[in-house]
Amino acid sequence: GAILPLVINTWNFENANLAAWRALQAGLSPLDAVQRGCSACEEEQCDGTVGFGGHPDETGETTLDALIMNGDTMEVGAVGDLRRVKNAVDVARAVMDHTQHTLLVGESASVFAQDMGFKSESLSTNKSMKMFSQWLSNNCQPNYRKNMVPDPSVSCGPYKPRAEVKPRQKPGLINPRSHDTIGMIVIGPSGQVVAATSTNGASHKVPGRVGDSPIAGAGAYAESSVGGAAATGDGDLMMRFLPSFLAVELMRSGAEPAAACKTAINRIKKYYPDAFAAVICANSTGGFGAACNKISILTQFPFIIFNPNSNKPQLHSVDCV
Ligand code: SD4
């Protein structure tokens, strides 16, 4: 029989898991629960990789990506490159509830958020400013530019294409652990599957960069008749493969969650063996699993589940393959 409800999320983000579980216990909908869970991570700045004060871009600004998906109706709300608003997943929910759109980005997303009553404030902290100044004093290295050189008269940028094009930089090796999204799947007591993500993306990204997290099928996906998936890792590479969509499709064809996650990871690995990539999966009966690509800095991937059997947030860890 089904073991429901289920809350499962990436990494060791226990308070987020607990917040979602408590919301379910209080009778809130799975959608509200997954939103509460990701929101808890934004408030506590999980790992410095979710919410304000983390991972400044090339100009020193922290920007946020988030998504929420309702697997009953297939509605999605998402924001990318959101500026000056801390509550990224709440804004994503507002996109879902108050517009007919799926994804709003950049300054315009911030204007929308302001219209919805969200507070506009700097997302910088002493910590993020320090990361930024260290990066500047390190000659803006590492960075995400390919075949480009900064104007030598300025400390960093404007960038120009190199006169002589160098071979492509090997992908997947920039700041491999500098970004860890919260991705969460909640399955309600009656089998409603929802998913959400929230992140501040990649350190020293080119302004305007949007990662995998706010893209349906990449950062997360949910369909109540099948299950859900959520991804974390090097979004620039992962989003080329829609791993969350792929994992849900594999579960639709009968794959167990762990096997579905593994195949989604293997697809990325085939092209980018050094990619930092992990996926969590859950099916509509409460089965769950995860997979990750084994690289030097990630040999085991932690995730947390809460279900009626665990009776508390239970830390799991999967060996990367
Ligand atoms: C991104 N996927 O923006 C996110 C970050 C992440 O573990 O998940 N890091 O690339």
Side-chain angles (χ1 to χ4, degrees), residues 8-13 16 38 41-42 45-58 61-67 78-83 88-89 92 103 105-106 109 123 128 131 142-144 171-185 195-221 229-247 261 264-265 268 272 274-280 290-304 318 320:
I8 175 170
N9 61 267
T10 55
W11 306 110
N12 192 0
F13 300 151
C38 290
C41 243
E42 290 169 357
Q45 303 164 282
C46 281
D47 237 14
T49 59
V50 181
F52 69 102
H55 297 158
D57 69 12
E58 278 186 349
E61 186 169 3
T62 295
T63 66
L64 306 178
D65 292 346
L67 166 143
V79 284
D81 189 28
L82 178 71
R83 290 149 186 265
V89 76
L103 172 63
V105 300
L123 302 187
S128 70
M131 286 172 78
N143 69 48
Y144 283 89
L173 296 178
I174 296 171
N175 289 339
R177 278 306 302 274
S178 71
H179 37 30
D180 293 341
T181 306
I182 180 155
M184 179 180 278
I185 307 158
T197 60
S198 182
T199 186
N200 51 34
S203 266
H204 319 306
K205 60 194 170 192
V206 178
R209 182 265 192 192
V210 172
D212 58 329
S213 304
I215 308 299
Y221 203 68
T232 177
D234 185 340
D236 291 300
L237 301 180
M238 295 187 82
M239 68 195 293
R240 300 172 185 177
F241 299 90
L242 297 179
S244 296
F245 179 75
L246 176 57
C261 281
I265 288 294
I268 299 165
Y272 301 111
D274 301 320
F276 165 43
V279 179
I280 55 169
C292 47
N293 185 27
K294 189 174 178 181
I295 53 175
S296 59
I297 47 126
L298 190 76
T299 56
Q300 290 207 318
F301 170 63
F303 61 98
I304 300 213
V318 65
C320 299

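The shown structure was predicted, so the numbers you read here are calculated from the model rather than taken from an experiment. Just so you know, ligand 1 is whichever comes first in the structure, and atom 1 is the first atom listed for that ligand. All residue numbers in this chain count up from 1 along the given sequence.
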Between Asp65 and Asp81, is there a donor-acceptor pair closer than 3.5 Å when you use the side chain of the first and the backbone of the second?
yes
I need the atoms of ligand 1 closer than 4.0 Å to a non-hydrogen atom of Ser213, numbered in the order shown.
2 (N), 4 (C)
Check step by step if side chain to side chain contact (heavy atoms under 4.5 Å, CB included) holds for Ile215 and Leu67.
CA-CA 7 Å; Ile215 308 299; Leu67 166 143; 5.8 Å; no
Any N/O pair Asp236/ligand 1 closer than 3.5 Å:
no
For Gly201, counting its heavy atoms only, list the atoms of ligand 1 lying under 4.0 Å from any of them.
3 (O)
With heavy atoms under 4.0 Å as the rule, classify the contact between Thr232 and ligand 1 as side chain, backbone, both or neither.
both
Output yes when Glu61 and Arg83 qualify as a salt bridge under the 4.0 Å nitrogen-oxygen rule, no when they do not.
yes
Look at Arg240 together with Asp212 and state whether they make a salt bridge at an N to O cut-off of under 4.0 Å.
no
Within the side chain of Glu42, is there an N or O that forms a donor-acceptor pair under 3.5 Å with the backbone of Val89?
yes
Please confirm whether Thr199 comes under 4.0 Å of ligand 1, counting heavy atoms of the residue only.
yes
4.0 Å heavy-atom contact, Arg209 with ligand 1:
yes
Can any side-chain N or O of Thr181 pair as donor or acceptor with the backbone N or O of Thr232 at less than 3.5 Å?
no
So, Asp47 side chain and Thr49 main chain: donor-acceptor pair closer than 3.5 Å or not?
no
Should you measure from each heavy atom of Thr181, which atoms of ligand 1 turn up under 4.0 Å away?
2 (N), 4 (C), 5 (C), 6 (C), 7 (O), 8 (O), 9 (N)
Which ligand 1 atoms are under 4.0 Å away from a heavy-atom of Asp212?
1 (C), 2 (N), 3 (O), 4 (C), 10 (O)
Could you list the atoms of ligand 1 found under 4.0 angstrom from a heavy atom of Phe276?
7 (O)
Backbone or side-chain N or O of Asp234 under 3.5 Å from ligand 1 N or O:
no
Nitrogen or oxygen atoms of Ala202 and ligand 1 under 3.5 Å apart
no
May I ask you to check whether Asp65 has an N/O atom sitting below 3.5 Å from an N/O atom of ligand 1?
no
Heavy-atom closest contact (Val79 atom, Pro214 atom, distance)
O-CB, 3.3 Å
Could you say whether the N/O atoms of Gly233 and ligand 1 ever approach to under 3.5 Å?
yes
Ring geometry between Phe276 and Trp11 (parallel below 30°, tilted from 30 to 60°, perpendicular above 60°):
tilted
